[in-house]
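Residue numbers run from 1 in the order of the sequence given. First listed ligand is number 1; within each ligand, the first listed atom is number 1.
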Amino acid sequence: MPGTSPAPRHRAPLPAPRIAVAGAAALLAACAGEQSSLDPRGPAAAAAAEAWWVMLVGASAIFALVMGLVIYATLRAPERRPRLRPNPFILVGGLLFPITVLTALLIYGTTVGRRMVFAGEVPTLRIEVTGHQWWWEVRYPADAERGWAEAVTANELWLPVGELAEITVRSVDVIHSFWIPQLGGKLDMIPGRDNTLRLMAEAPGEFRGQCAEFCGAQHALMSFVATAAPMEEFEAWRRSREVGGPAAAVPAGAAALGDAGCAACHQLPGGPAPEEAGPDLRHVGARAMVLGRRGFDREYIGRFLTDPQRVKPGNRGHLRGVGDDEVDGLLDAMETLR
Ligand code: CUA
């Protein structure tokens, strides 16, 4: 056809090194991101990531060595193989080599473990996190020395940069697991038992936290946002979440939500403590994550409110949805809670 250049019959083959570089780049790109333990932003996560790379390199080298021997033994004609005496080979390869490697790994693993728990260091901040099907209750106990009152929130956690936080984790229903991959290892939240985890963020940023133990239908949506900020900013945020703050600051939407019955399960600004446990709604309009999604996603939250068992099947708080005519008013009210 005139005006069109013929399509090339075949492309020049990519040289192998280019394929290898492209493949490695694609693989390494998968190591970055707000939920990657290989993109550490704190000392505990850095120790875990280092151990991961050390073990990957070590295991790959041993795998290559063993595969090399297998290929050699398979391909080389029997009469051309050197005659090995089996006993020394088994003694070195089967006993001395694994003992040396595993002993080195044990010593190294112990030092990594000590780094991950900040052995010998004293935490300067305490946080309590309780797992619920399927949300996170976050409590900052009062601290008389710093003049801080108790602060409570849900599905968000803030840390001051450079401070060592001790986080007590527990559960009120089934086993969950607390995990902020970029800041440290995971820890099970077990009903009837308190476990503690230490974390520190080295620089400001937002990191995704995720429940790491299957805990029912909505396990995958049981996530939160952890924010690391300079101390001043952290304190301002913490003050905004304090319980029993100035009553004058009750936002307009609180009354509408109270009238709709939300106060039975959710803490509202200026309202009484709820009878049933549901996420604290005092600042829901300003949260980094609501219902497992980033920000205040009106469309998604609206769908949840009208058909909760379809959007989040199995949730125990919202059994029935609200009418289409009510939903906009509720969303407007929620957005005023900041
Ligand atoms: Cu909670 Cu999985």
Side-chain angles (χ1 to χ4, degrees), residues 33-42 44-45 48 52 116 126-140 151-159 165-199 201 206-228 241 265-267 274 276-281 283-284 287-297 300-301 303-305 307-319:
E34 60 169 21
Q35 199 178 304
S36 172
S37 54
L38 296 179
D39 187 7
R41 300 302 164 93
W52 192 90
M116 287 189 74
R126 283 179 205 284
I127 309 174
E128 295 170 9
V129 181
T130 305
H132 296 255
Q133 278 176 317
W134 292 277
W135 59 281
W136 310 83
E137 178 185 341
V138 179
R139 222 181 125 255
Y140 291 76
V152 178
T153 184
N155 303 330
E156 62 175 352
L157 184 140
W158 277 54
L159 294 168
E166 185 155 276
I167 305 177
T168 301
V169 300
R170 50 179 78 108
S171 168
V172 293
D173 37 47
V174 300
I175 300 177
H176 302 273
S177 181
F178 178 92
W179 193 25
I180 308 173
Q182 287 190 285
L183 295 185
K186 62 182 82 161
L187 187 66
D188 275 359
M189 313 171 85
I190 300 169
R193 187 191 154 87
D194 287 2
N195 283 335
T196 55
L197 174 78
R198 290 176 172 185
L199 292 180
E206 282 195 346
F207 319 104
R208 193 182 152 96
Q210 172 66 42
C211 180
E213 177 81 32
F214 181 73
C215 54
Q218 299 306 322
H219 156 72
L221 284 181
M222 191 168 164
S223 49
F224 63 95
V225 175
T227 305
R241 271 29 173 191
C265 303
H266 298 283
Q267 179 71 59
E276 301 285 336
D280 190 313
L281 286 190
H283 305 280
V284 69
R287 293 239 178 93
M289 185 170 270
V290 181
L291 283 170
R293 289 223 178 163
R294 281 285 193 157
F296 195 89
D297 183 339
Y300 182 68
I301 299 169
R303 262 195 291 141
F304 171 78
L305 290 175
D307 199 351
Q309 292 297 329
R310 189 186 173 98
V311 174
K312 206 176 169 186
N315 86 79
R316 291 194 241 143
H318 293 244
L319 301 179

Check step by step if side chain to side chain contact (heavy atoms under 4.5 Å, CB included) holds for V174 and Q133.
CA-CA 8 Å; V174 300; Q133 278 176 317; 3.8 Å; yes
Contacts under 3.5 angstrom, residues 185-193 side chains, donor-acceptor by atom type, not counting sequence neighbours:
{"unit_1": "D188", "atom_1": "OD1", "unit_2": "S177", "atom_2": "OG", "d": "3.4"}
{"unit_1": "R193", "atom_1": "NE", "unit_2": "N195", "atom_2": "OD1", "d": "2.8"}
{"unit_1": "R193", "atom_1": "NH2", "unit_2": "N195", "atom_2": "OD1", "d": "3.3"}

Parallel, tilted or perpendicular: which fits the ring planes of F214 and H219, with parallel below 30° and perpendicular above 60°?
perpendicular
Can you tell me how the ring of F304 sits relative to the ring of H318, calling it parallel under 30°, perpendicular over 60° and tilted otherwise?
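Rings of F304 and H318: tilted, 30 to 60°.
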Just the protein N/O/S atoms under 2.8 Å from atom 2 (Cu) of ligand 1, please, no waters.
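Those protein N, O or S atoms (cut-off: under 2.8 Å from atom 2 (Cu) of ligand 1) are C211 SG, E213 O, C215 SG, H219 ND1.
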D173 versus H176, side-chain donor and acceptor atoms under 3.5 Å:
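H176 vs D173: donor-acceptor pair found between side chains.
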Carboxylate-amine/guanidinium proximity below 4.0 Å for R294 and E206:
yes
